[in-house]
Amino acid sequence: MIIVPEAAIADLMTREQAFDAVEKVFASMSRRSAYNFPVIREAIGHADALYGFKSGFDRDSLALGLKSGGYWPGNADKGLTNHQSTVFLFDADTGKCRAVVGGNLLTALRTAAASAVSIRHLAPKGAKVLGMIGAGHQSAFQMRAAAEQRGFEKVIGWNYHPEMLARLADTAAELGLPFEEASLERIGAEADVIISITSSTAPILMDAHVTGGTHIACMGTDTKGKQEVDAALVARATVFADEVAQSISIGECQHAIAQGLIAEGDIEELGAVINGDAKGRSSDDEVTLFDGTGVGLQDLAVASAVVDVALAKGVAVEVDF
Ligand code: NAD
């Protein structure tokens, strides 16, 4: 069995590799070659923790396994990250455990890769202004991955906790882009691409804020009860998702569905666009929206890629198991 510890991941996975792995697995999901198993997520009644599994199988790559982990709110006081996750890969021919891979950095990379894939396939080609809503841990990963997809000239951003905006300013500076704090009205009017990555439980970006064509990647809503975008804006947009089943149950679309504003059939898979089986954006004036709920197959795809690189570089730790 191969072990790839968390500390080794940064040297083994690039943004480009994460992008390729995620784009491929979205395409496999849409061809029905890969499927996610139902998500388990439980409050365990200890340490205020939320713990769960995301799992699946890709018949094309033979990636089989699960990501196990969750959220421990008291971890910061112990010098640990609140979100903790580990990926377990199994041999699809024998069921033997093939690898255990640290999942924390991989989660950030695969989540940023998902919105970047949506930007590549759905954003206006001439996009110049990137709007960021959210300035937490994931936001920096999101901005770096998005910046590789279009020739952005400026980043504008808003956050519920304005004192956190320094993270967006620092990340934009690292990318050589100017950054300005902006109102939601300005983001909705000016940004050609908007990424929302918050833990909000009420809509932040309202229908009236968005006045022109844009692509919105909704990345924060991954649980029942969370919400970042007005349901009326979801209803007005052309909607794509990583997986429709998750989008309507734990993703941004849960609210528009519950209010009867859209139907399940109104949501297209991003993988269908990647495969050329569905149309993406029709015009620069259109509002496209990607509901990136985060699927287990993304985790398996990036973890498998990491194991391949670790083996190729001769740095994989192998143990008898
Ligand atoms: P974080 O705790 O570092 O940051 C939280 C962000 O949400 C900050 O910008 C904060 O200001 C904002 N926020 C907190 N309470 C808010 C409120 N009431 N209204 C509006 N904004 C509020 O978290 P993170 O690691 O950056 O993750 C952000 C979100 O992304 C979380 O909801 C997380 O569960 C989600 N996430 C999604 C995926 C996916 O695949 N879709 C993957 C990882 C994380």
Side-chain angles (χ1 to χ4, degrees), residues 18-19 21-22 25-26 29 36 39 41 48-52 54 56 67 69-76 80-85 87 103-118 131-146 157-171 181 184 187 194-206 209 216-230 240-243 245-247 249-254 270 289-302:
F19 183 101
V22 169
V25 84
F26 283 169
M29 282 163 56
N36 293 289
V39 174
R41 200 161 163 89
D48 285 331
L50 271 179
Y51 173 72
K54 283 187 168 181
K67 179 169 85 171
Y71 186 73
W72 276 259
N75 273 6
L80 296 169
T81 313
N82 286 354
H83 288 273
Q84 288 293 330
S85 56
V87 182
N104 293 349
L105 176 58
L106 280 184
T107 297
L109 290 170
R110 68 79 147 139
T111 305
S115 65
V117 170
S118 85
M132 295 291 308
I133 297 175
H137 177 68
Q138 304 285 333
S139 64
F141 293 88
Q142 290 286 326
M143 196 196 297
R144 290 184 195 115
W158 180 93
N159 194 47
Y160 183 72
H161 302 101
E163 67 278 9
M164 293 169 76
L165 283 168
R167 178 180 268 122
L168 297 184
D170 290 349
T171 310
E181 179 179 356
L184 292 163
I187 290 177
I194 302 171
I195 297 174
S196 61
I197 182 76
T198 74
S199 45
S200 175
T201 52
I204 301 170
L205 187 67
M206 304 308 288
H209 292 151
I216 307 168
C218 301
M219 304 307 297
T221 299
D222 57 357
T223 307
K224 207 168 172 50
K226 285 189 186 173
Q227 185 174 13
E228 300 186 294
V229 167
D230 189 359
F240 302 83
D242 44 14
E243 189 191 78
Q246 282 198 184
S247 168
S249 54
I250 59 171
E252 199 58 52
C253 288
Q254 61 181 290
L270 180 55
L289 185 148
F290 172 60
D291 190 1
T293 61
V295 295
L297 283 166
Q298 278 170 263
D299 299 302
L300 305 187
V302 289

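Counting from 1, the numbers follow the sequence of the chain as shown. Order of appearance sets the numbers: ligands from 1, and atoms from 1 within every ligand.
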Relative to the heavy atoms of I204, which atoms of ligand 1 are at a distance of less than 4.0 Å? 20 (C)

Give the atoms of ligand 1, by number and element, whose distance to some non-hydrogen atom of G134 is under 4.0 Å. 9 (O)

Take K67 and R110, measure what side-chain contact (heavy atoms from CB on, under 4.5 Å) needs, and give me the verdict at the end. CA-CA 12 Å; K67 179 169 85 171; R110 68 79 147 139; 3.6 Å; yes

Is there a donor-acceptor pair closer than 3.5 Å between any side-chain N or O of Q227 and the backbone N or O of V229? yes

N/O donor-acceptor pair under 3.5 Å between N159 side chain and L165 backbone: no

At a non-hydrogen distance cut-off of under 4.0 Å, which region of T198 contacts ligand 1 (side chain, backbone, both, or neither)? both

Whether the side chain of E252 engages the backbone of F290 through a donor-acceptor N/O pair (distance < 3.5 Å, no angle test) should be reported. no

Got a second to check how far L106's CG is from T111's OG1, nearest 0.5 Å? 10.0 Å

Atoms in ligand 1 with a heavy atom of D222 nearer than 4.0 Å: 33 (C), 34 (O), 35 (C), 36 (N), 37 (C), 38 (C)

If we set the cut-off at 4.0 Å for heavy atoms, which region of T221 has an atom near ligand 1: side chain, backbone, both, or neither? neither

Whether the side chain of T221 engages the backbone of G251 through a donor-acceptor N/O pair (distance < 3.5 Å, no angle test) should be reported. no

d(E228 CD, M219 CE) to nearest 0.5 Å is 9.5 Å

R110, any N or O under 3.5 Å of ligand 1 N or O: yes

When you measure from atom 14 (C) of ligand 1 to each heavy atom in A113, S199, A108, S85, which option holds the nearest one? S199

In the protein, what heavy atom is nearest to atom 10 (C) of ligand 1, and what distance, to one decimal place, separates them? H161 ND1, 3.5 Å

Nearest neighbour in protein (non-hydrogen) for atom 23 (O) of ligand 1: H137 N, 4.4 Å

Students should be able to answer this: which protein heavy-atom is nearest to atom 4 (O) of ligand 1, and at what distance? G136 CA, 3.3 Å

Sub-4.0 Å heavy-atom approach of Q298 to ligand 1: no

Which residue and non-hydrogen atom of the protein lie closest to atom 21 (N) of ligand 1, and at what distance in Å? Y160 CB, 3.3 Å

So is there a nitrogen or oxygen of G220 less than 3.5 Å from a nitrogen or oxygen in ligand 1? yes

dist E243:CD -> F26:CZ (nearest 0.5 Å) comes out at 10.0 Å

Taking all non-hydrogen atoms of both residues, which atom of M132 and which atom of L168 are closest, and how far apart? CB-CD1, 3.9 Å

Is there a polar contact, in the sense of an N or O pair closer than 3.5 Å, between M219 and ligand 1? yes

Given the protein's heavy atoms, is any one of them under 4.0 Å from atom 2 (O) of ligand 1? no

Of all protein heavy atoms, the one nearest atom 42 (C) of ligand 1 is T111 OG1, 3.1 Å

Between D242 (side chain) and T293 (backbone), is there a donor-acceptor pair under 3.5 Å? yes

Distance from atom 32 (O) of ligand 1 to nearest protein heavy atom, with residue and atom: K226 NZ, 2.7 Å

Proximity of M164 to ligand 1 by residue part, where a heavy atom lies under 4.0 Å: side chain

Would you say W158 has any N or O atom under 3.5 Å from an N or O of ligand 1, going by distance alone? no

Report yes or no: do N36 and Q246 form a side-chain donor-acceptor pair below 3.5 Å? no

Between H83, K54, Q138, which one has a non-hydrogen atom sitting closest to atom 26 (O) of ligand 1? Q138

Just distances here: any N/O of N159 and N/O of ligand 1 closer than 3.5 Å? yes

Between the side chains of S85 and K54, does any donor sit under 3.5 Å from an acceptor? no

Does F19 have any ring pair (Phe, Tyr, Trp, His ring centres under 6.0 Å) partners at least two apart in sequence or in another chain, and if so, which? none

Qualifying residue, where the test is side chain to side chain contact (heavy atoms under 4.5 Å, CB included) with T107 and the options are D299, V87, T81: D299

Measure the distance from atom 28 (C) of ligand 1 to every protein heavy atom, then report the residue, atom name and distance (to 0.1 Å) of the closest one. I197 O, 3.9 Å

Polar-atom distance check: A135 versus ligand 1, any N or O pair below 3.5 Å? yes

